[in-house]
Protein chains: 2
Amino acid sequence: MAGDSGADGDNSGTGTHPTKDGKKATIRDVAKKAKVSLGTVSNVLNDPERVAPATRNRVLKAIEVTGFVRNIAARQLRGGGSKAVGIVILDSSNPFFTEMIRGAEDALRQEGYLLIACSTDGSSDREAMYLRHLEEHQVEGVLITPSNDDLDQIIDFHDRGTPVVLVDREANSGELCSVTVDDVKGGSIAISHLVEDGHRKILFVNGPMSIRQCRDRRAGVDVALKGQRSPHATDWIEVIDLEVPSLSIAAGEEISLELLNIDPSISAIMCANDLLAIGVMRGLASSGSDLLSRVALVGYDDITFSSLVSPALTSVHQPQYDLGYAAARLLLEELSDSGHRHHEIRFTPDLVVRESSIKKSSPA
Amino acid sequence: MAGDSGADGDNSGTGTHPTKDGKKATIRDVAKKAKVSLGTVSNVLNDPERVAPATRNRVLKAIEVTGFVRNIAARQLRGGGSKAVGIVILDSSNPFFTEMIRGAEDALRQEGYLLIACSTDGSSDREAMYLRHLEEHQVEGVLITPSNDDLDQIIDFHDRGTPVVLVDREANSGELCSVTVDDVKGGSIAISHLVEDGHRKILFVNGPMSIRQCRDRRAGVDVALKGQRSPHATDWIEVIDLEVPSLSIAAGEEISLELLNIDPSISAIMCANDLLAIGVMRGLASSGSDLLSRVALVGYDDITFSSLVSPALTSVHQPQYDLGYAAARLLLEELSDSGHRHHEIRFTPDLVVRESSIKKSSPA
DNA sequence: ATAAGTTTTTGAAACGTTTCAATAACTCAA
DNA sequence: TTGAGTTATTGAAACGTTTCAAAAACTTAT
């Protein structure tokens, strides 16, 4: 092996450069430069202990001089992974999801993975399209908040070979990993807070009952009320249901018009999520209503801005960042463990009490 | 060509399935099933007019039966594009950026591209790491808000072959496409609003002058004041500068403590972005201060929640969604036009007046 | 110098898809 | 039927990287 004395003079002067015909440097260029085989270059990249130090340094030098950047597609074709994970969410303008993405990104970055972000806006067709694209890309896994209750297309996708972790959604029967928050419990602690504050007639502004989260949060209300109704209870707690078509600020604003004339004995409003609650607040303020000086308001999610609105919103805190982080870690575990068993991580929500529910007088 | 009578009996009954050894179906399996060549299958997928209808239908049937899903890595290796674009932003918890991502995603989805989201949190090292990963993945382009003023690593990245569009940042001298908002103009219209309302002593809470947007917005203030000072002006307008270390809610809250004792002749505060302004509001509210009932407040960005805080924030509106959408469209143009010339799209901001700056009495 | 054991390097083949020159098949007119 | 022109299909080779059996090189003991 004659020493490479650096006298071969191609592309003298500059540090990094493509090959002479303008193409990006490949492993073949590095091998030629270092006067070793393709396999040796690959070993330096992937199994450096297997290469003698002198050879290894020569190859590393050649990598630097040629400006070589590995081609993931070639590696992937030969059997390597894509080092990419998809995340499929409902709505990227809801801070609930952007915090979740942040958690997932942080976890994946630690392992050198890229995160492909996809928003379905609740469309099953768009979800299918994204899953198809992700499958063509051979992503190593997908974190997904389903667009609807029907998991069939997600199960099919998973059965075709891509690991899936459900986020904020349980699997039906252990066929997938999932990360959730106990929304039944969340509903319970919200309503309990209001009941303990003396409220006896409470309006529940919910989203579509076809959405599982809406069903669970409402179910939590029932669980809490059952626990409150001891045999010798002397007062009666009533919950009035109002369903809106979507869990958005706009839907909250729209329903606020109906709240202007609500039964005066209603002393509290619980909303199925913070965007709804914020929309209600906004709509009432626009109408010049002072309803919220009389009536307590509780939201659900505790998104970043809930503490910033006025009155600051009491809300059931969901650990959004932790959801994303835990989901990504679960997926990474599944990727590294061939004998992986699916399981669920369930977070417990807690209530953050702020101005919107404090010191409202309940009716005598 | 004997007809395929469906009597070959492999995997009978189910619609889609992998090959007999559990691997995903490849183009080779489709070709075998349809009794055509690999090239014919590829033509059906990529140039269907070139295939006779009877053959084409047979191949499409085989694609369905085998459950074939194209492998992008193989296509990419042979010379096709990755159908993926990276977007590199500063902070995914700032609604300014999440709206921008949304615009980019919508534009790219129309052309069948996936969006890879990367947050730098202002770190140049992290930016370098992401650029490297994106390069290995051979993304077809990158939309990027630079982590700092030094564009060197981004230019190098671009020079190595990946198209780049700067977002909310100008290129230095036409070497890259960019999409920006005229922050000088934005600063001007904000301060003009305050001056027209009669304010003569105005505090400017800015971020680090090392950040170009902060410099531009402040420069806009000077431009507007020059225009206001006619030779025979009888009153004097004074702007007092206060610099904070970061453009965040937290920094705004912290500086609000210093605002408790400001010169009473200051009748207006302009903040370099909405997060700062919201932090100031929050901090003042926490301190029980009624400063904002006397002093006008103006922010910059008009993020989604600025209308929801109290008082609703007057703010310079940046078209965040449009920034992202336009950047992605610029990139797509560059990809489809081999004679592409770089250019810049510059949006003009406009002021949205809300409660925070209305009807404050300026000092006599 | 020779043999045995260990370390290092090599290079052929695989991966899935696309491309295009060559071949085969088809159609129509004489 | 034959020949010319057109359409449709084929299949070899390329793309960049990894893998692993085989070969080469090195080290140590006799």
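Note on naming: letters A, B, ... go to the chains in the order of the sequence lines (proteins, then strands), and numbering restarts at 1 for each one.
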Applying salt bridge (charged side-chain N to carboxylate O under 4.0 Å, His left out) to A:D121 and not counting sequence neighbours gives A:R126, B:R102
Hits for salt bridge (charged side-chain N to carboxylate O under 4.0 Å, His left out) against B:E344, two or more places apart or cross-chain, chain-then-number order -> B:R346
Do the side chain of [X] and the main chain of [Y] share a donor and acceptor less than 3.5 angstrom apart?
| X | Y | result |
| --- | --- | --- |
| A:D47 | A:R50 | no |
| B:R70 | A:E136 | no |
| B:T162 | B:H158 | no |

Find every protein N or O atom lying less than 3.5 Å from an N or O atom of nucleotides 23-27 of chain C, and list the pairs.
none

Residue set satisfying side-chain contact (heavy atoms from CB on, under 4.5 Å) with A:S37, at least two apart, ordered chain then number -> A:T40
Given the options B:L330, B:D337, B:L335, B:E333 meets side-chain contact (heavy atoms from CB on, under 4.5 Å) only with B:L330
Before you tell me yes or no, could you show the steps for A:L134 and A:H137 under side-chain contact (heavy atoms from CB on, under 4.5 Å), namely the whole-Å CA-CA distance, both residues' side-chain angles and the distance that decides it to 0.1 Å? CA-CA 5 Å; A:L134 291 171; A:H137 279 263; 5.6 Å; no
Those residues at least two apart in sequence (or on a different chain) that pass side chain to side chain donor-acceptor pair (under 3.5 Å) with A:E334 are none
Across all chains, not counting sequence neighbours, the side chain to side chain donor-acceptor pair (under 3.5 Å) partners of A:T145 are none
Find the distance [X]:[atom1] to [N]:[atom2] and express it as a whole number of Å.
| X | N | atom1 | atom2 | value |
| --- | --- | --- | --- | --- |
| A:L38 | C:dT10 | CG | C1' | 10 Å |
| B:R58 | D:dA8 | CZ | P | 14 Å |
| B:L45 | C:dT17 | CG | C1' | 9 Å |
| B:K83 | C:dT18 | NZ | P | 13 Å |
| A:N43 | C:dT8 | CG | P | 11 Å |
| A:K32 | C:dG11 | NZ | P | 15 Å |

Within residues 46-55 of chain B, those residues having any heavy atom closer than 4.0 Å to DNA chain D are B:R50, B:V51, B:A52, B:T55
Identify every side-chain donor-acceptor pair in residues 81-89 of chain B under 3.5 Å, counting partners at least two apart or on other chains, and give the distances.
{"from": "B:S82", "atom 1": "OG", "to": "B:A84", "atom 2": "N", "distance (Å)": "3.4"}
{"from": "B:S82", "atom 1": "OG", "to": "B:Q138", "atom 2": "O", "distance (Å)": "2.9"}
{"from": "B:K83", "atom 1": "NZ", "to": "B:E111", "atom 2": "O", "distance (Å)": "3.4"}

Taking 4.0 Å as the cut-off, does a side-chain nitrogen or oxygen of B:T40 come that near to OP1 or OP2 on D:dT10?
yes
Please produce a list of atom pairs where a protein N or O lies less than 3.5 Å from an N or O of nucleotides 14-16 of chain C.
{"from": "C:dA14", "atom 1": "N3", "to": "A:R78", "atom 2": "NE", "distance (Å)": "2.8"}
{"from": "C:dG16", "atom 1": "N2", "to": "B:A74", "atom 2": "O", "distance (Å)": "3.2"}

By ring pair (Phe, Tyr, Trp, His ring centres under 6.0 Å), A:H133 pairs with (sequence neighbours left out) none
Those residues at least two apart in sequence (or on a different chain) that pass ring pair (Phe, Tyr, Trp, His ring centres under 6.0 Å) with B:H343 are none
Judged by nearest nucleotide, the residue sitting upstream toward the 5' end of DNA chain C, A:R56 or B:I72, is A:R56
The bend of the helix from C:dA1-D:dT30 to C:dA30-D:dT1, taken between the axes of its five terminal pairs at each end and rounded to 10°, is 50°
